[in-house]
Protein chains: 2
Amino acid sequence: MTIDFQHIDDAQCLAFTGAVEFAGKRWSASILMAVARGASRFTQITASVPGLSDRMLSQRLREFERAGFVDRDVIATTPVQVHYQLTDRGSDLLQSLQPLVNYTQRWAE
Amino acid sequence: MTIDFQHIDDAQCLAFTGAVEFAGKRWSASILMAVARGASRFTQITASVPGLSDRMLSQRLREFERAGFVDRDVIATTPVQVHYQLTDRGSDLLQSLQPLVNYTQRWAE
DNA sequence: CTGGATCCCTATCGATACTG
DNA sequence: CAGTATCGATAGGGATCCAG
């Protein structure tokens with residue numbers, strides 16, 4: 001089977017595979033989904049993703065921040081509150097992953 | 001930002017994250033693209049993907065075969081010829097990744 | 001040509017403990 | 001609450017050599 005996959009040059013190919021590999025890292029997709037669904041606090045995210053450890057959440061969150069997928073807002077109360085939310089870019093990434101959900105549904109079983 | 005991400009249950013979520021993580025493994029996307037573009041022989045794929053080693057191609061190909069993404073056809077010549085091609089399932093997976101290409105183009109720079 | 005088998009190094013991840 | 005520090009296990013991946 002030979003399909004029509006959009007023609008892209010080397011730079012675009014690199015960006016593409018980079019995005020897939022980034023999103024494909026363990027817990028990445030789950031965390032992004034949890035935040036998209038409204039989990040904004042650290043513990044809310046942890047609670048939303050079974051099996052996710054503090055350490056991994058912390059690490060992914062920092063990566064997401066650096067990559068511009070999430071914003072981190074610190075509210076100086078006692079104790080301090082931290083809110084995470086998707087940026088437009090992060091939101092767009094997740095939306096772009098949506099077809100993969102449909103894909104898994106098509107081939108379920 | 002809270003977006004609309006399709007509601008899916010736990011099983012679907014697991015299938016989805018599984019698919020992302022599978023496609024996100026190193027070289028996976030590149031190999032799938034190369035095959036989609038018409039590289040069917042082992043050495044053609046190697047040549048199409050800079051940096052890809054024989055060992056990794058061999059490994060990914062076996063994983064793809066097991067997962068039902070590619071078919072492996074052996075032609076008993078001397079030396080033996082092996083042709084790989086995407087299955088419908090593999091083709092569908094790749095198509096589902098297409099929006100990610102558009103995503104990277106939107107956010108290029 | 002199409003890989004399999006080894007070796008070895010590193011990144012990644014999980015568990016646990018601790019802090020402002 | 002929202003993390004950081006540390007440690008040890010393991011899986012992933014690169015290089016190299018070999019074989020049908």
Side-chain angles (χ1 to χ4, degrees), chain A residues 14 17-35 37-67 69-86 90, chain B residues 14 17-35 37-67 69-86 90:
Chain A
L14 206 65
T17 57
V20 187
E21 289 174 15
F22 190 92
K25 294 181 76 168
R26 191 119 203 242
W27 305 115
S28 286
S30 299
I31 295 171
L32 252 14
M33 286 181 67
V35 177
R37 292 263 186 75
S40 61
R41 309 287 301 276
F42 194 92
T43 42
Q44 284 179 334
I45 303 174
T46 301
S48 306
V49 184
L52 174 61
S53 69
D54 287 357
R55 187 175 108 55
M56 288 313 299
L57 177 54
S58 175
Q59 186 174 319
R60 287 290 174 269
L61 248 15
R62 271 180 274 120
E63 293 169 0
F64 291 166
E65 223 189 321
R66 280 202 57 212
F69 295 133
V70 299
D71 274 336
R72 180 175 187 270
D73 299 317
V74 180
I75 302 175
T77 49
T78 321
V80 71
Q81 282 189 23
V82 181
H83 290 260
Y84 292 97
Q85 54 187 326
L86 291 182
Chain B
L14 207 64
T17 58
V20 187
E21 289 173 16
F22 189 92
K25 293 180 78 168
R26 191 117 202 244
W27 305 114
S28 287
S30 299
I31 296 171
L32 254 13
M33 286 181 66
V35 177
R37 292 263 187 74
S40 61
R41 308 287 302 278
F42 194 91
T43 43
Q44 285 179 333
I45 303 174
T46 302
S48 306
V49 183
L52 176 60
S53 69
D54 287 357
R55 183 187 167 290
M56 288 314 299
L57 176 54
S58 175
Q59 185 174 319
R60 288 289 174 270
L61 247 17
R62 270 181 274 122
E63 293 169 0
F64 291 166
E65 222 190 321
R66 280 202 57 212
F69 295 133
V70 300
D71 274 336
R72 181 174 187 270
D73 299 318
V74 180
I75 302 174
T77 50
T78 320
V80 70
Q81 281 189 22
V82 182
H83 289 262
Y84 292 97
Q85 54 187 327
L86 291 182

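A, B, ... follow the sequence lines: proteins, then strands. Residue 1 opens every chain. Treat the numbers as computed from the prediction; the structure is a model and nothing was measured.
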Under 4.0 Å, counting only non-hydrogen atoms across every strand here, what does B:T43 touch: a base, just sugar-phosphate, or nothing? sugar-phosphate

Of the listed nucleotides [options], the one nearest the side chain of [X]:
{"X": "A:R41", "options": "D:dG14, C:dC1, D:dC1", "answer": "D:dC1"}
{"X": "A:K25", "options": "C:dT2, D:dG13, C:dT12", "answer": "C:dT12"}
{"X": "A:Q59", "options": "D:dA2, C:dC13, D:dT4", "answer": "C:dC13"}
{"X": "A:R62", "options": "C:dT12, D:dG3, D:dT4", "answer": "D:dT4"}
{"X": "A:P79", "options": "C:dC13, D:dC1, D:dT4", "answer": "D:dC1"}
{"X": "B:S58", "options": "D:dA2, C:dG4, C:dC13", "answer": "C:dG4"}

How close or far is atom [atom2] of [N] from atom [atom1] of [X], stated in whole angstroms?
{"X": "B:H83", "N": "C:dC1", "atom1": "NE2", "atom2": "P", "result": "13 Å"}
{"X": "B:R72", "N": "C:dG3", "atom1": "CZ", "atom2": "C1'", "result": "8 Å"}
{"X": "B:F64", "N": "C:dG3", "atom1": "CZ", "atom2": "P", "result": "14 Å"}
{"X": "A:L52", "N": "C:dC13", "atom1": "CG", "atom2": "P", "result": "11 Å"}
{"X": "A:E21", "N": "D:dG13", "atom1": "CD", "atom2": "C1'", "result": "12 Å"}
{"X": "A:I31", "N": "C:dC13", "atom1": "CD1", "atom2": "P", "result": "10 Å"}
{"X": "B:L57", "N": "D:dT16", "atom1": "CG", "atom2": "C1'", "result": "17 Å"}
{"X": "B:F22", "N": "D:dG12", "atom1": "CZ", "atom2": "C1'", "result": "14 Å"}

Taking for A:E63 and for B:V82 the nucleotide of DNA chain C with the nearest heavy atom, the one nearer the 5' end belongs to B:V82

Comparing A:W27 with B:Q81, nearest DNA chain C nucleotide closer to 5' gives the residue B:Q81

Assess the residue pair A:E21 and B:K25 against the criterion (salt bridge (charged side-chain N to carboxylate O under 4.0 Å, His left out)); give the C-alpha distance rounded to whole Å, side-chain angles, the decisive distance to 0.1 Å, and a yes or no. CA-CA 6 Å; A:E21 289 174 15; B:K25 293 180 78 168; over 6 Å; no

- request: Take the angle between the ring planes of B:F64 and B:F69 and call it parallel below 30°, perpendicular above 60°, tilted in between.
  value: perpendicular

Indicate, yes or no, whether a donor-acceptor pair under 3.5 Å links the base of C:dG3 to the side chain of B:R55. no

Do the side chain of B:R26 and the base of D:dG13 come within less than 3.5 angstrom through a donor-acceptor pair of N or O atoms? no

Tell me whether the side-chain N/O atoms of B:Y84 come closer than 4.0 Å to OP1 or OP2 in C:dG3. yes

Test side chain to side chain contact (heavy atoms under 4.5 Å, CB included), reference A:H83, set A:I75, A:D71, A:V74, A:V70, output is A:I75

Is the backbone of [Y] close enough, under 3.5 Å, to the side chain of [X] for a donor and an acceptor to pair up by distance?
{"X": "B:R72", "Y": "B:L61", "value": "no"}
{"X": "A:R60", "Y": "A:R26", "value": "yes"}
{"X": "B:S48", "Y": "B:Q44", "value": "yes"}

When B:R60 and B:D54 are each assigned the nearest nucleotide of DNA chain D, the 5'-most assignment goes to B:R60

